[in-house]
2 protein chains.
Amino acid sequence: MTQVRTKPRTPTPRQAARRKAPVDRLLDPAFFKALCDPTRARMVACLVKCGVPCTVSAIAGCCDVDLSVVSRHLKILETGGVLSKIKKGREVVYTVRADDLAHRLRALAAEIEVGCAGCGCPGTGSKTGCCPA
Amino acid sequence: MTQVRTKPRTPTPRQAARRKAPVDRLLDPAFFKALCDPTRARMVACLVKCGVPCTVSAIAGCCDVDLSVVSRHLKILETGGVLSKIKKGREVVYTVRADDLAHRLRALAAEIEVGCAGCGCPGTGSKTGCCPA
DNA sequence: TGCGTACTTGCGTCATTGTGCAAGTATACC
DNA sequence: GGTATACTTGCACAATGACGCAAGTACGCA
């Protein structure tokens, strides 16, 4: 199913840590931090299921925390690149950055497959086998 | 590029929150929590770049924290479904669950696109437009 | 059986983060 | 201009999490 690209490899973790690779950027902790809180995850899931941009008040309606907390969480999600924010009069409308997110997630999936393919480890779908017996 | 599937939609966030959808499971905070710490992110990036299963000691060589801290972080990554662990004698070997991760990330990307497509919001690549003016 | 290596766990400390309340800012409407 | 609505920010507090050290467990080897 997945076509594996060229596969740079570094024998030891110490050496691997020095080498720069796209996966370093894709594993940006700020992005994952944005989604690691249950309240924030619920808010994003809510926006995805809703399918339309929503105001802060509307989003607050789907979680049982104070409006100020919702406002702060939305800011964190915006900083993490998950949501985008548009001011419309006195309302603030938040939207899921769907294209960016999907692109980022797929790129990360590809990088992980490229890095781990061919080592014959369980769960990598490889056949060659490079793990110590 | 992306073929959009059927697109369930719920007008308000409050209603959307009640409706169960795959995105709820895919946005599991435990998974994102595993990757939200800089040290853990570096460890995973290191394993991906390295391309082979590594022992706890070897992984500790690529980050400047105590071995006990590394051991704890690896456990969190295993719990979050990022790594798998195999005991070999007195060594413990950790492997990136590449197939699972790639599958999960792609599934999430697809769900986000399905949920957000067609609303005409910036960053969704849609043309129809359902956002309030 | 004793010893060394590899890893895990208990404990205390410090920093970060999630939360609610209250006050503040910005915008629309009368 | 005054008031209501929508959201943000300051502050205090509790909970969580990352960390190092030290002690403990598991396993291989002589």
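A, B, ... follow the sequence lines: proteins, then strands. Residue 1 opens every chain. FYI, side chains are in, hydrogens and waters are out, and symmetry mates aren't considered; it's all heavy atoms of this structure.
- A salt bridge does not link B/Asp66 with B/Arg72: every distance from a Lys NZ or Arg NE/NH1/NH2 to an Asp or Glu carboxylate oxygen is 4.0 Å or more.
- Atom pair A/Asp66:CG and C/dT19:P shows a separation of 10 Å (rounding to whole Å applied).
- A side chain to side chain contact (heavy atoms under 4.5 Å, CB included) with B/Asp100 holds for exactly one of B/Arg104, B/Arg97, B/His103; it is B/Arg97.
- Below 30°, between 30° and 60°, or above 60°: for B/Phe32 and A/Phe32 the angle between ring planes is between 30° and 60°, a tilted geometry.
- Of the two residues contacting DNA chain C, namely A/Asp37 and A/Gly89, the nearest-nucleotide position lying further toward the 5' end is that of A/Asp37.
- In this structure, A/Leu74 atom CG and D/dT9 atom P are separated by 12 Å, rounded to whole Å.
- To the nearest angstrom, P of D/dG17 lies 12 Å from NZ of A/Lys33.
- Set against D/dA18, C/dA6, D/dT9, the side chain of A/Ser71 has D/dT9 as its closest nucleotide.
- Nearest-nucleotide positions on DNA chain C place B/Glu91 closer to the 5' end than the other of B/Glu91 and B/Val69.
- OP1 or OP2 of D/dT9 has at least one side-chain nitrogen or oxygen of A/Lys75 nearer than 4.0 Å.
- Side-chain nitrogen and oxygen atoms of A/Thr39 include at least one within less than 4.0 Å of the OP1 or OP2 phosphate oxygen of C/dT19.
- Atoms NZ (B/Lys87) and P (C/dA6) sit 13 Å apart, rounded to a whole Å.
- For B/Arg72 against D/dG17, a side-chain-to-base donor-acceptor contact under 3.5 Å is absent.
- Between B/Leu77 and B/Leu35, some side-chain heavy-atom pair lies under the 4.5 Å cut-off.
- Here A/Arg40 reaches the OP1 or OP2 of C/dG18: one of its side-chain N or O atoms lies under 4.0 Å away.
- Protein atom CG of A/Leu67 is 15 Å distant from nucleotide atom P of C/dA22, rounded to whole Å.
- For the OP1/OP2 pair of C/dT19 and a distance below 4.0 Å, the side-chain nitrogens and oxygens of A/His73 include at least one atom meeting the criterion.
- B/Ser68 comes within contact range of at least one nucleobase, with a heavy-atom separation under 4.0 Å.
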